[in-house]
Asker: 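Below you'll find the structure I mean.
What you see is a predicted model, and the numbers here were worked out from it, not measured in a lab. Atom set for the values below is all heavy atoms of this structure, side chains included, hydrogens, waters and symmetry mates excluded. In what follows, every chain begins at residue 1, and chains take the letters A, B, ... in the order their sequences are listed.
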2 protein chains.
Amino acid sequence: VQRTSSRLRNFVSASWKMGVDEPKKFIHGLKVGLALSIVSLFYYVRPLYDGVGSNAMWAILTVVVVFEYTVGATLYKSVNRVMATAVAGSLGVGIHWVASQSGEKFEPIIVGTSVFIFAAATAFSRFIPTVKARFDYGASVFILTFSLISISGYRVEKLLTMAHQRVSRIAIGTSFCVLTSMLFFPVWAGDQLHKQTIKNLENLAISLNGCMAEYFKNDEEIPVMNEGIKEKMQCYNSVLNSKEKEESMANFARWEPTHGNFTFRYPWKQYLKIGEAARSCAYCIDSINGCINSEMQAPEFLKKRIREECMRLSSHSSEVLKELATMIRTMRKSPKIDLSVKDMSVAVQELHDALNSLPTNFLRLRSLPPIAEDHPDSHQEEAERSAKASIIEILPLAAL
Amino acid sequence: VQRTSSRLRNFVSASWKMGVDEPKKFIHGLKVGLALSIVSLFYYVRPLYDGVGSNAMWAILTVVVVFEYTVGATLYKSVNRVMATAVAGSLGVGIHWVASQSGEKFEPIIVGTSVFIFAAATAFSRFIPTVKARFDYGASVFILTFSLISISGYRVEKLLTMAHQRVSRIAIGTSFCVLTSMLFFPVWAGDQLHKQTIKNLENLAISLNGCMAEYFKNDEEIPVMNEGIKEKMQCYNSVLNSKEKEESMANFARWEPTHGNFTFRYPWKQYLKIGEAARSCAYCIDSINGCINSEMQAPEFLKKRIREECMRLSSHSSEVLKELATMIRTMRKSPKIDLSVKDMSVAVQELHDALNSLPTNFLRLRSLPPIAEDHPDSHQEEAERSAKASIIEILPLAAL
């Protein structure tokens with residue numbers, strides 16, 4: 001009992017902490033509650049006793065399944081739901097009519113076969129990447145509505161009214177959702193993606209600085225690893241596995257209307273390119289981290305020799321990263337960026353020269369880690385160049 | 001028109017190719033069609049004209065939303081759906097009873113408030129990682145059922161029969177799904193995870209060999225990059241972003257009963273550890289790839305000098321990776337693995353010695369890339385050690 005209660009307490013405190021850290025998640029809960037209560041009361045006040053089973057239900061069901069955290073996701077699901085219901089409804093009525101015309105004997109065969117074929121084809125189509133990205137939810141609604149309508153035993157005229165009612169209920173439900181999610185504290189997927197990208201670049205800058213400082217720290221300093229630095233060094237971890245999240249946010253962002261500085265048809269795909277570049281930087285920092293934790297360490301005097309150059313390079317590199325983050329934030333090409341990149345290139349060259357001018361007997365001793373250090377940076381520089389290139393592509397579009 | 005038709009043709013041929021490459025996806029479509037047709041015909045043959053709206057519907061709806069690609073996912077959704085419906089149903093009936101006892105004036109207030117509170121709390125709880133991993137779908141079903149029942153205007157006795165009917169329909173639907181997904185060509189999430197892990201390790205081995213061969217290829221060979229090698233070198237890409245997929249498969253695998261060599265409560269989390277190690281290997285290979293594509297290249301004569309050692313190390317490393325893959329496949333500790341690891345350690349030491357014994361004037365020229373090469377491998381070795389450690393943890397459990 002004690003273990004369960006302590007686990008429960010941990011659970012509650014962890015979720016409370018999450019809510020306090022990200023009040024938007026609390027607010028999302030309140031929004032769902034709000035949308036549902038409005039729809040519920042709407043039907044409760046004008047009781048539709050017998051209709052609850054078949055009609056009002058659809059509005060509530062729609063609110064529950066359509067309401068998502070971001071506006072983009074809600075819009076994506078709403079549009080999918082309405083479209084799929086309409087298409088599947090008309091197709092279902094058509095099949096139903098054909099079946100009812102062809103005699104009692106063939107009716108179940110036609111219905112069964114068509115349900116089988118459409119359901120199988122739609123279920124398969126959900127594996128196709130383009131369908132999955134844009135119409136995954138619609139496909140499942142399509143199967144549902146189509147099979148419900150084509151097997152329902154009603155006459156076609158009654159079916160038409162039913163289908164009409166259902167579509168209108170779903171439209172009510174979706175418009176409640178869309179309005180609630182857009183009007184009360186909206187969470188835009190595009191906004192999230194934008195902030196996430198900035199945050200990732202900043203995290204990379206912090207990690208890079210932290211790792212370099214850790215690697216080249218003097219032994220005179222406290223040998224125990226500083227907690228603050230350790231935390232800083234781990235910042236890049238969030239970047240490593242950011243791909244799927246970014247892709248889904250970019251997918252949802254495409255559904256969103258103009259908001260803030262983001263226009264409709266904003267080039268969200270460019271963010272994915274920046275994300276790609278950021279991830280390859282993160283892989284490099286992971287390699288540097290591997291050097292720090294490795295058993296083979298370069299001798300202290302060798303480290304001292306190139307300490308200056310490496311530190312300068314790392315500080316210039318993270319300067320560039322921070323500058324890029326600022327550029328994305330302000331959506332303006334910063335005048336400083338060219339200078340920063342030039343500084344970084346100079347620092348790369350200096351480190352290179354420093355390595356080449358090392359007395360050769362130093363190198364004989366053990367030359368591995370500090371030289372390996374240079375490689376990630378030059379690679380990083382490449383990644384940054386490509387990041388810069390894609391940002392420059394974005395800039396004119398963002399300025400529209 | 002021509003553009004649309006060519007795009008359509010591309011789309012069809014791409015999806016056809018996907019289906020032929022992975023016939024399981026075709027079969028999944030057929031299974032969905034089958035399950036739906038059975039449920040549909042079941043109701044079609046015994047027409048429940050008036051009931052279609054409220055009862056039979058639930059069985060069909062359940063099949064559509066619950067049927068997933070893997071058995072684990074289907075079970076997860078089925079269990080979640082049945083449990084959540086039962087819990088929300090009883091809670092809803094309770095609230096409804098309380099509300100109906102407290103007079104007409106307070107009834108809508110009580111119902112509205114409780115819907116708001118429960119919906120908000122449940123919507124928020126979906127952000128909590130543990131809830132998200134195991135009960136995400138259940139939470140959405142809970143909100144749905146709870147609000148439907150608590151706002152429905154029926155008397156409590158009628159509600160009870162309705163709730164009972166609904167749970168039984170959902171049970172029918174889920175059992176159809178579970179049976180279809182387990183009996184016809186089952187796709188086990190655990191199996192997928194297992195195969196994916198093996199495939200990832202093999203891909204790493206192939207990529208490592210390919211990258212090294214490319215890096216140390218003689219200039220006398222054809223300078224144009226060999227297509228086969230290029231493809232091999234990119235194998236590690238699938239490993240880089242495997243995290244989310246692996247986690248969701250491990251989550252679903254936990255729901256699966258004993259199948260093949262996998263028992264219930266099989267330690268699926270160990271696969272996540274192997275995945276973690278494989279990803280850090282992949283990050284290293286990405287760094288090597290960066291060396292290959294870098295503008296700064298080591299001079300040819302220097303490369304030649306350590307070519308032997310590097311190639312030996314890489315072939316030993318990929319030997320170890322392949323051996324690990326075989327061990328996972330056979331679920332047996334291979335007698336060769338200790339030897340392979342020892343060979344690899346020797347190769348690391350040899351490369352190290354070779355680097356130290358290089359004539360110093362070589363190093364002065366440009367020492368960067370080939371030395372950087374050594375670092376990823378030694379890091380990789382670490383990652384492999386940790387992978388091995390976690391496999392050895394699995395072995396006794398797998399042997400049960």
Asker: Just jot down the salt bridge (Lys or Arg N to Asp or Glu O under 4.0 Å) partners of Glu244(B), sequence neighbours excluded, or say none.
Answerer: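 Glu244(B) satisfies salt bridge (Lys or Arg N to Asp or Glu O under 4.0 Å) with no other residue.
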Asker: Once you measure the plane-to-plane angle for Tyr69(B) and Phe127(A), does it fall in the parallel (<30°), tilted (30-60°) or perpendicular (>60°) bin?
Answerer: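 Rings of Tyr69(B) and Phe127(A): perpendicular, as their planes differ by over 60°.
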Asker: Which heavy atom of Val64(B) sits nearest to which heavy atom of Ser147(A), and what is that distance?
Answerer: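 In this case the closest contact between Val64(B) and Ser147(A) is CG2-OG, 4.4 Å.
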Asker: Which heavy-atom pair separates Gly33(B) from Ala119(A) by the least distance, and what is that distance?
Answerer: CA-CB, 3.9 Å
Asker: Side chains of Phe124(A) and Lys25(B): does their closest heavy-atom pair fall under 4.5 Å?
Answerer: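 In contact.
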Asker: Mind running side-chain contact (heavy atoms from CB on, under 4.5 Å) on Leu36(B) and Phe116(A) for me, showing each step along the way?
Answerer: CA-CA 7 Å; Leu36(B) 258 184; Phe116(A) 178 80; over 6 Å; no
Asker: Given the options Ile128(B), Val65(B), Val32(B), Thr122(B), which has more heavy-atom pairs under 4.5 Å with chain A than any of the others?
Answerer: Ile128(B)
Asker: Just grab all the salt bridge (charged side-chain N to carboxylate O under 4.0 Å, His left out) pairs involving residues 116-127 of chain B, residues at least two apart or on different chains.
Answerer: Arg126(B)-Asp136(B)
Asker: Looking at Thr113(A), Leu34(A), Leu30(A), Thr145(A), which one has more heavy-atom pairs under 4.5 Å with chain B than the rest?
Answerer: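 Highest number of pairs under 4.5 Å: Leu30(A).
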Asker: At their closest point, which heavy atom of Gly29(A) faces which heavy atom of Ala123(B), and how far apart are they?
Answerer: CA-CB, 3.9 Å
Asker: Is Leu240(A) close to chain B through its backbone or its side chain, or both, or neither, when contacts mean heavy atoms under 4.5 Å?
Answerer: both
Asker: What residue in Val115(B), Val63(B), Ile27(B) has the most heavy-atom pairs under 4.5 Å with chain A?
Answerer: Val115(B)
